[in-house]
Amino acid sequence: QVQLVESGGGSVLAGGTLRLSCAASGYPATSYCMAWFRQAPGQEREGVAGIASGGRESYSWSVKGRFTISKDNATNTLFLQMNNLKPEDTAMYYCAAGDHYGYCDDWSGTDYYRFWGQGIQVTVSS
């Protein structure tokens with residue numbers, strides 16, 4: 001049974017930092033394309049950052065330069081380091097994984113992934 005479990009969310013002031021983790025189990029998720037998505041109330045789920053099986057990173061324009069995605073293959077864990085957080089970053093954040101291997105060019109599409117975490121709340125106040 002595949003599970004993705006997020007942790008590390010919370011509430012911070014604008015300009016603060018948080019680090020999200022996503023522990024995967026049931027298959028070697030970090031060997032495939034993985035990503036972080038977020039969804040604010042009333043909005044569609046959007047791709048925030050993706051990482052290819054070989055480690056290539058991709059970011060949405062709204063977080064580039066502030067967020068860093070990384071992974072640890074030894075522990076099958078995905079990370080999202082979030083710096084200089086803004087109130088507009090407030091959302092539920094989701095870890096996503098699937099069975100695509102390679103450059104992961106379609107990383108920001110929700111249909112690209114088979115498995116999802118339960119989500120974790122990030123709240124940034126001004």
Side-chain angles (χ1 to χ4, degrees):
Q1 181 181 359
V2 175
Q3 283 192 311
L4 302 175
V5 180
E6 299 102 336
S7 61
S11 297
V12 296
L13 294 175
T17 65
L18 283 173
R19 189 185 194 218
L20 304 183
S21 299
C22 171
S25 60
Y27 88 118
T30 57
S31 295
Y32 300 90
C33 304
M34 297 189 74
W36 288 97
F37 284 73
R38 67 186 181 188
Q39 187 168 19
Q43 297 187 18
E44 292 187 356
R45 191 169 296 189
E46 64 169 345
V48 173
I51 189 163
S53 48
R56 189 183 76 167
E57 303 163 28
S58 300
Y59 299 94
S60 69
W61 66 268
S62 61
V63 306
K64 195 168 187 178
R66 300 187 298 120
F67 291 10
T68 302
I69 189 171
S70 62
K71 61 181 179 177
D72 184 338
N73 291 331
T75 61
N76 208 19
T77 304
L78 181 72
F79 303 99
L80 185 68
Q81 177 68 41
M82 303 186 292
N83 298 331
N84 190 23
L85 282 159
K86 303 177 180 181
E88 51 263 42
D89 295 318
T90 295
M92 189 75 78
Y93 283 70
Y94 298 89
C95 171
D99 51 12
H100 291 284
Y101 182 86
Y103 291 113
C104 310
D105 290 338
D106 295 329
W107 70 271
S108 61
T110 55
D111 292 344
Y112 201 63
Y113 302 94
R114 291 180 59 193
F115 309 110
W116 293 84
Q118 79 285 356
I120 194 161
Q121 181 67 38
V122 170
T123 302
V124 185
S125 55
S126 57

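Counting from 1, the numbers follow the sequence of the chain as shown.
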Exercise. Which pair of non-hydrogen atoms, one from Gln43 and one from Gln39, has the smallest distance, and what is that distance?
Worked result: O-NE2, 3.1 Å
Exercise. How long is the gap from OG on Ser70 to CE on Met34, to the nearest 0.5 Å?
Worked result: 11.0 Å
Seminar exercise, completed: In terms of heavy-atom contacts, Thr77 and Ser21 come closest through CG2-CB, 4.4 Å
Exercise. Side chains of Thr68 and Glu57: closer than 4.5 Å at any heavy-atom pair?
Worked result: yes
Exercise. Could you give the distance from CG (Leu4) to OG (Ser25), rounded to the nearest 0.5 Å?
Worked result: 7.5 Å
Exercise. Judged by atom type as modelled, is there a donor-acceptor pair below 3.5 Å linking the side chain of Thr123 to the main-chain atoms of Thr90?
Worked result: no
Seminar exercise, completed: Tightest non-hydrogen contact, residues Cys104 and Ala52, listed as SG-CA, 3.4 Å
Exercise. When clusters are formed by joining ILVMFWY residues with side-chain heavy atoms under 4.5 Å apart, either directly or through shared neighbours, do Met92 and Phe67 land in the same one?
Worked result: no
Problem set entry | Pairs flagged by ring pair (Phe, Tyr, Trp, His ring centres under 6.0 Å) wherever residues 78-103 is involved - sequence neighbours left out | His100-Tyr112
For this session: Establish, from distance only, whether the side-chain atoms of Asn76 and Thr30 form a donor-acceptor pair under 3.5 Å.
Result: yes
Problem set entry | Ser126 backbone acceptor or donor facing Lys86 side chain under 3.5 Å | no
For this session: Heavy atoms only: give me the nearest Ser53-Gly102 pair and the separation to one decimal.
Result: OG-N, 2.9 Å
Problem set entry | Approximate separation, where rounding is to 0.5 Å, of Thr17 OG1 and Met82 CE | 8.5 Å
Exercise. Applying the 4.5 Å side-chain criterion to the ILVMFWY set and letting contacts propagate, would Trp107 and Ile69 be lumped into a single cluster?
Worked result: no
Exercise. Roughly how far, to the nearest 0.5 Å, is the CG atom of Leu85 from the OG atom of Ser11?
Worked result: 11.0 Å
Problem set entry | Test log, rule side-chain contact (heavy atoms from CB on, under 4.5 Å), inputs Glu88 and Val124 | CA-CA 8 Å; Glu88 51 263 42; Val124 185; over 6 Å; no
Problem set entry | For Asp72, salt bridge (Lys or Arg N to Asp or Glu O under 4.0 Å) partners two or more places apart | none
Seminar exercise, completed: Sorted by chain and number, sequence neighbours left out, side chain to side chain donor-acceptor pair (under 3.5 Å) with Gln3 holds for none
Problem set entry | Flag, side chain of Lys71 to backbone of Ser31, donor-acceptor distance under 3.5 Å | no
For this session: Using the ring pair (Phe, Tyr, Trp, His ring centres under 6.0 Å) rule, collect all pairs that involve residues 28-63, keeping only residues at least two apart or in two chains.
Result: Tyr27-Tyr32, Phe37-Tyr113, Phe37-Trp116
Problem set entry | Qualifying salt bridge (charged side-chain N to carboxylate O under 4.0 Å, His left out) pairs with a residue from residues 113-126, counting only residues at least two apart or across chains | Asp99-Arg114
For this session: Determine, stepwise, if the pair Leu20 / Glu6 fulfils side-chain contact (heavy atoms from CB on, under 4.5 Å).
Result: CA-CA 7 Å; Leu20 304 183; Glu6 299 102 336; over 6 Å; no
For this session: Could you list all the salt bridge (charged side-chain N to carboxylate O under 4.0 Å, His left out) pairs where at least one residue sits in residues 18-42, not counting sequence neighbours?
Result: Arg38-Glu46, Arg38-Asp89
